[in-house]
Amino acid sequence: MSSVQIEVPDEVLISLKETPETISRELSILAAVKLFELGKLSSGRAAQLAQVSRVEFLNLIGRYQVSPFTLSPEELAQDVSNA
């Protein structure tokens, strides 16, 4: 697995009242949700990025008001066959 490092100013952590560990986790989830929303990742790959199961990811996206049904019928059929 590859690793990506992001620098977060201490002031941002203080403003968010987050630790580096929790903000790292949240940023991974947010990136996964946005990449899924943009159609750049399937729900399965986005779940891998967020480090959760696909079912948990599909439940998570509701928190961010992202629909799981952004796929075309063909893409949805492919996703189902890959599951």
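What's counted below: heavy atoms across the whole structure, side chains too, no hydrogens, waters or symmetry copies.
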Just verifying a value: how many Å separate Leu49 CG and Lys40 NZ, rounded to the nearest 0.5 Å? 14.0 Å
Ile6 and Leu16: same hydrophobic cluster, using ILVMFWY side-chain contacts below 4.5 Å? yes
Return the CG to CD distance between Leu58 and Glu56, rounded to the nearest 0.5 Å. 10.5 Å
Pairwise side-chain contact, Val33 with Phe57, heavy-atom cut-off 4.5 Å (strictly under): yes
Within the 4.5 Å heavy-atom criterion, are Gln51 and Arg25 side-chain neighbours or not? yes
dist Asn82:CG -> Arg45:CZ (nearest 0.5 Å) comes out at 8.5 Å
I'd like to check Leu13 versus Pro20 (side-chain heavy atoms, cut-off strictly below 4.5 Å). Are they in contact? yes
Atom pair CD/OG of Gln48 and Ser43 - distance to nearest 0.5 Å: 10.5 Å
CD of Gln5 to OG of Ser24: how many Å apart, nearest 0.5 Å? 10.0 Å
Between Ser15 and Glu11, is there a donor-acceptor pair closer than 3.5 Å when you use the side chain of the first and the backbone of the second? yes
Looking at CD1 of Ile29 and OH of Tyr64, how far apart are the two atoms once the value is rounded to the nearest 0.5 Å? 5.5 Å
Answer yes when Arg54 and Asp79 have at least one side-chain N-carboxylate O distance shorter than 4.0 Å, and no when they do not. yes
Evaluate the side-chain contact (heavy atoms from CB on, under 4.5 Å) criterion for residues Val52 and Leu60: first the C-alpha distance (whole Å), next the side-chain angles of each, then the deciding distance (0.1 Å), finally the verdict. CA-CA 9 Å; Val52 296; Leu60 262 174; 4.3 Å; yes
